[in-house]
Each structure stands twice: as C-alpha cells, then as structure tokens.
Amino acid sequence: MMIPKLHRLSCIKELEQAQAFIVKAGFYNHIPIITKLIAFSSLSPLGSLPHACALFQETSMDDSFICNTMIRAYSNTVFPLKALLIYNRMQRMDVDSDHFTYNFVLRACARAIKCTEMDDQCFGHHIISRKGSEIHARILKLGFDQDHHVQNSLLLVYSGSGLVGFARLIFNEMTVKTAVSWNIMMSAYNRVHDYKSADVLLESMPQTNAVSWNTLLARYIRLNNLVAARKVFEEMPERDVVSWNSIISGYVNVKDYKGALDLFHSMKQWNIRATEVTFISILGACAELGALEIGKKIHDSLKEKHYRIEGYLGNAIVDMYAKCGELGLALEVFNEMEMKPVSCWNAMIMGLAVHGHCERALEMFDSMKAEDGDHKPNRITFIALLIACSHKGLLAEGRHFFSLMVTKYKIMPDLKHYGCMIDLLSRWGFLEEAYVMIKTCPFSSCSVLWRTLLGGCRLHRHVELGEESFRKLAELEPGKDGDYVLLSNIYAEEERWDDVERLRKEMINYGVCKKAGSSHNSRRHGEEEKGLRWTLKSWALFSKFLIYNFQSVRGAQPTAFVTNCFFMGFSCFPLEPNTNIAFVCQNHMEMNPICPKSVKLSLA
DNA sequence: CTAGGGTTAG
C-alpha cells in the first residue's frame, strides 16, 4: 500500500486519503502524526482550517504544540479572536504554554485590533488592547519577556493599540534588536502619523531591507499620495511581492482600477508570482469595473491551483460576482465557504439588494442570525438591509431594522443609515416623516439628506417641502446644478413656468453650471473620460440619447422632459471641454457591459 | 515562528 507523504500533500483530497490511511493503520492517536495533519490543514493555503479545527477537537486538546499550531493558524485569518479563545482554554486546562504560544497569541491580538479598527468598534479595540496587556503581564510572570520573538510581538500589539510610548519602552530595553524590531517600531510611528520619528528610525537603522522600504511605501499609500508612493516604489533598492501588492492596492484606493490591472499585468512580466493578497486587490478592482471576465479567470485559476476559497479571498470573490450581477455564482462560492466573516454576508446581502432581490436579501439576514457562530451584523449589514427595503418600498421592515440595530445590536445609526432611511421614506411618499427625521437627527446639516428629500418631493410632486429642502440646500451647499434641476422639475410638473424661468435665471446669475452626468460616472471612470472632448460626434450621441430617453419614458410627463432639455440646452454648451457627458452617453447608448450598475442620467 | 501588503458603503 502507498504510504502518503505528509509533508508533500498537494491538496485537501490527498490529506483525506492520508487520514484514512492513518486511521486504518491505527495511528490516529499518535501525537506527532496528528500534529502533522493539523499543521498541514491549518497552515497551508491548500488546507482547510475547519478541517484542522475538527481534527483538533478530536484530540484531548492538551498538547502545547498542537494548541500553538491552532493559535498560529487562527491568528492569520479573519477570525483572530478564535485564537484567543484557544489560548484562554489552554490557561483554563493548565496546558503548558511556551514562548511560541505567546508569540502567536500576541499576533492574534494585534490582528484582532486591526479588525476591530476596520469595523469602527472602539469598544472591542479597547478590550483587546487590555487583553494584550494581560498577556504581557503573564509573560513577565513566566519570564518569557526576554525572548526576542515575543518582544517583537509585544511591539506589534502596542503599536496596534496606538501606544507607541509603551512600544518604544520595550524597544529600548531589547537586548537583541533585529531588523524586524526596527521595522515594527517604524510602522508604529507611521500608524500614529509621527513621521519624523519614523524617518529618524529609518536613518539610524543598522541595515534596511525590503520590508523597511515597504513600510515607507505603505505610509504614502495610506495617505493616498500615489505620486510619492510611486517614487518610493521605483527607487527602492529591493522590491518584492508585497511592494507590488502595496502599489496595486494604492491604485485601487484612489479608484484607478485600470492602473491596478496594468500593474497586475506588468507584475507577471517581472516574473513576480501573485499572492492571495494580490488577487484580493485585483478582484476588488474587477468588482468596481464590472470586469467579470477577468474576475472569473482569476477565480478559475485559483480553483485550478487548489487554493482554499475562504476568508478574505472568498469574500473578494463573492463580492466580485455580486457586484457584476452574477448572483448565482456569488451564492455558489458563498455556500462553499465554511467560515464566513460578516463582510461576506454583507457582500451577499448587498448584492441581492442592489440587484432587486430584496426579499432574498432579507432572508439572507435571517439565515445569518440562524447560523450559529459569531457573525453579528454590523453597520454595513444594516445599510444593505435598508437599501433592500428602499428598493421595494418595504416601509414596515425598514423601520423595524432601523430600530432593531439600535435596540438589539447597539449600533448608532450614522449618516449612511439616515441616508437610506430618508431615501426609503421619501421615495415611497412619506415626505413629512422624512422631513421630521432629518430635522431631529444628528445630521440635519448634511446636504445629502436634504437632497434625497428633494428627490422624493419631485417624485411625489410636493411643492412646499421641495422648496423647503431647496432652501436648506442653498444654505448648506449652494450652487449645485442638480438641485436646481430637481426643483425646476417640480415646478414644471405643476406647470409653473414662471418659477421655472425664475430659477433658470437665478442659476445663471449664480454662475451654476449644469454638469450632466450619472450618479456613478465621475467615481467609476475617473481617468477614462479625461481624454474625451466635446466633438460633433458626442453632441450627436447626446441628442440621440435625449430622443431615446424621451421615447423610453413613456409614462413620464413630457413637460418634465422638456424642462430638462431646456436646462441642459441652455447651460450645457458653455461647459469646459473636459466634461464627461460624452462618455456617459456612449456608455448608455451602447449599454456598456462593463458597467454593472446601470448608468442613470439625472434627467431621466 | 517573526515585520510590510488585503474585505463589505444608495
């Protein structure tokens, strides 16, 4: 019989075969063997953490080496808290801990802090920081504080908590400072924006390596300063995958998705092998561009390489499919994921919501609650749910979710939540209620809310509230072309032509320029429209578009349409040459498949 | 065994 070589497994299937063999041969209680199985399943990108977890639970869970392996595995996932749970169990069960344990558990803390930061949970952030200090105390008690790996991890935790002072104290007292220590210390200063100290450190380092330069690169990327980042990237003495990943994520951050894809291609030419992180960034770019083909190709190649589609990676794929409108494929990947982070549920709910499957989005929320585990809904979950309600006019459900998030989940609604709520109310005709809500909420001076209400007033022909919202907008953020158009539409529908004319004159007097465009184009195609100018062709397209629109909005009042033309016609011509209408028109006319969320013109 | 790069928002 073939004896499987545990150190040379190439996928989870082979692992299962090996495992069957081991059981059959009666070695299932053999600690070194089971350790190898767990190590492979949990640490290899081809393994499966849930599988490791199942194996782990079948042991007596009292072996330090195995516990360490599990902690290490979890410390690098979307569920770093699970590592802390295993650590707590170890303490409870009196399992011996060693310097490895502390190294890994501290790294889990550092990551957990990072995760809570992403989620804006200052509460959780605080608690985990305290857990870090608790572990530190234990380290001192047991005398592991002289181990330089443990010291480095302590630096990580304190730098994550923003306690640079503490980090520096540990750093100063370290007898062995490796390049790792210097780099962590430097990124700690970067994190609290103390760039001077970071630079001093970089200058005085005994030797720099790729990581040092990557740390500097990450600083500029976090500041969205792509020019400086690019300069560092080009001039750094050594470059590795992480440098590439950083610069790619920089392009994604500033929404230059094409730039990111170009870099991804030139990376191949330099013979740099893409990593999971590369794919995550690139999949994000595909999602925003609606570039389904590229995204699918990446997914296929990952499957071919037997990558485990979990955590961040699974999330990115689900989100890519959902944004591209391939909800079936998204669901398929989603269902195959064994450990779903909240973000993944959110991506799925959001995908269903924006593509009109609102009831299914709400059902998803129910199954999210039903599934045992620790995925609690967060602020984004509720944004997604409210969007779903808004699309279908589910008033009662919307109100229910809005109060549920406060009472049950203790999430304070932010501007976005109010935005969704106002959208829901005013879109479905509850204008007075929306008005009261804006007036009484903490964001009553935010123009977006008033603009949403104004849109609702136009839809439901409510002149008084429309005028009131417009007055508010003129006060808060004067000179917005779209606001004039909306109010003028309201007047036009009531055939109040004098008011329309008055508004148009006012607009010209204030020098407000009508910028036609979609709700997405400026964000989505930041670079692309720059080269486009107003040519005869674009005007031709534009007028074709107007006619097309006129014909397609059969139910709408022609008067409103006529006013739009009127507005556009008079105030569009003197626009600067770089306007993006041409691009929008082309997009709309050709129903460009690259654009998943359909481009809506404000005049439609 | 270590640092640097990564997710969701009308």
Side-chain angles (χ1 to χ4, degrees), chain A residues 43 68-69 71-72 75-76 78 98-104 106-107 110-111 114-115 118-119 147-153 155-156 159 178-188 190 209-219 221-222 236 240-250 252-253 275-284 287 311-320 322-323 341-351 353-354 378-384 386-391 414-417 419-424 427 448 451-452 455 519-520 597 600:
Chain A
L43 300 176
N68 288 351
T69 308
I71 293 178
R72 179 181 166 204
S75 73
N76 224 359
V78 273
D98 54 18
H99 55 283
F100 288 101
T101 317
Y102 290 99
N103 183 21
F104 299 143
L106 286 171
R107 288 189 50 213
R111 177 166 288 269
K114 212 169 154 189
C115 287
M118 295 266 180
D119 221 4
D147 181 275
H148 79 271
H149 280 115
V150 171
Q151 289 171 329
N152 284 340
S153 301
L155 282 183
L156 259 185
S159 100
T178 60
V180 180
S181 330
W182 285 89
N183 287 333
I184 301 176
M185 199 57 231
M186 187 165 78
S187 80
N190 278 339
N209 59 15
V211 180
S212 326
W213 296 106
N214 285 338
T215 309
L216 187 66
L217 181 58
R219 176 207 291 182
I221 285 174
R222 230 169 286 147
M236 60 206 284
D240 60 8
V241 223
V242 177
S243 328
W244 283 91
N245 290 346
S246 303
I247 195 84
I248 288 178
S249 82
V252 175
N253 278 345
T275 62
E276 248 189 63
V277 177
T278 325
F279 294 125
I280 292 165
S281 293
I282 291 297
L283 285 165
Y312 289 114
L313 189 58
N315 198 36
I317 295 176
V318 169
D319 186 53
M320 184 272 296
K323 282 232 174 75
V342 206
S343 55
C344 203
W345 289 93
N346 290 349
M348 212 54 236
I349 296 177
M350 187 74 76
V354 303
N378 62 12
R379 353 197 309 280
I380 295 158
T381 319
F382 283 100
I383 292 175
L386 291 174
I387 290 169
C389 295
S390 189
H391 277 205
D414 62 22
L415 178 60
K416 297 266 167 152
H417 295 108
C420 293
M421 217 41 212
I422 300 298
D423 186 58
L424 170 64
R427 191 190 291 245
V448 256
R451 196 161 292 128
T452 310
S519 48
H520 295 294
K597 299 172 185 167
K600 284 180 226 145

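Remember, predicted model here, so these are calculated numbers, not experimental data. Naming convention: chains lettered A, B, ... in sequence-line order (proteins, then strands); numbering from 1 in each chain.
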**Item:** Donor-acceptor contact below 3.5 Å, side chain A:His148 vs main chain A:Thr178
**Value:** no
**Prompt:** Would you find a donor on one side and an acceptor on the other, under 3.5 Å apart, between the side chain of A:His417 and the backbone of A:Asp414?
**Reply:** yes
Cut-off 3.5 Å, side chains only: do [X] and [Y] have a donor facing an acceptor?
X	Y	value
A:Asn152	A:Asn103	no
A:Thr101	A:Asp98	yes
A:Ser243	A:Ser246	no

Could you check which of [options] has an atom nearest any side-chain atom of [X]?
X	options	value
A:Asp240	B:dG6, B:dC1, B:dG4	B:dG4
A:Leu156	B:dA9, B:dA3, B:dG5	B:dA3
A:Phe104	B:dG5, B:dA3, B:dC1	B:dC1
A:Asn103	B:dG10, B:dA3, B:dC1	B:dC1
A:Ile280	B:dC1, B:dG5, B:dT7	B:dT7
A:Ser281	B:dG6, B:dG5, B:dA9	B:dG6
A:His149	B:dG5, B:dC1, B:dA3	B:dC1
A:Asn152	B:dA9, B:dG6, B:dT2	B:dT2
A:Val242	B:dG5, B:dG6, B:dC1	B:dG5

Is a donor-acceptor pair below 3.5 Å formed from side chain [X] to base [N], judging by atom type as modelled?
X	N	answer
A:Thr275	B:dG5	yes
A:Asn245	B:dG4	no
A:Ser343	B:dT7	yes

Would you indicate, yes or no, if [N] has its OP1 or OP2 atom less than 4.0 angstrom from a side-chain nitrogen or oxygen of [X]?
X	N	value
A:Lys323	B:dA9	yes
A:Arg111	B:dG6	no
A:Arg379	B:dT8	no

Identify whether any heavy atom of [X] sits under 4.0 Å from a base atom; if not, whether one sits that close to sugar-phosphate; answer base, sugar-phosphate or nothing.
X	value
A:Ala316	nothing
A:Thr278	nothing
A:Asp319	sugar-phosphate
A:Asn68	nothing
A:Ser390	nothing

In whole angstroms, how far is the [atom2] atom of [N] from the [atom1] atom of [X]?
X	N	atom1	atom2	answer
A:Ile317	B:dG6	CD1	P	18 Å
A:Arg107	B:dG5	CZ	P	13 Å
A:Met350	B:dT7	CE	P	15 Å
A:Asn346	B:dG10	CG	P	12 Å
A:Asn209	B:dG5	CG	P	14 Å
A:Ile387	B:dG10	CD1	P	5 Å
A:Asn76	B:dT2	CG	C1'	12 Å
A:Asp414	B:dG10	CG	P	12 Å

**Complete:** Sequence neighbours excluded, the answer for side chain to side chain contact (heavy atoms under 4.5 Å, CB included) partners of A:Asp423 is A:Ser390, A:Arg427, A:Thr452
**Request:** Taking side chain to side chain contact (heavy atoms under 4.5 Å, CB included) as the test, write out the residues that go with A:Asn253, two or more places apart.
**Result:**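 Expected list: A:Ile221, A:Asn224.
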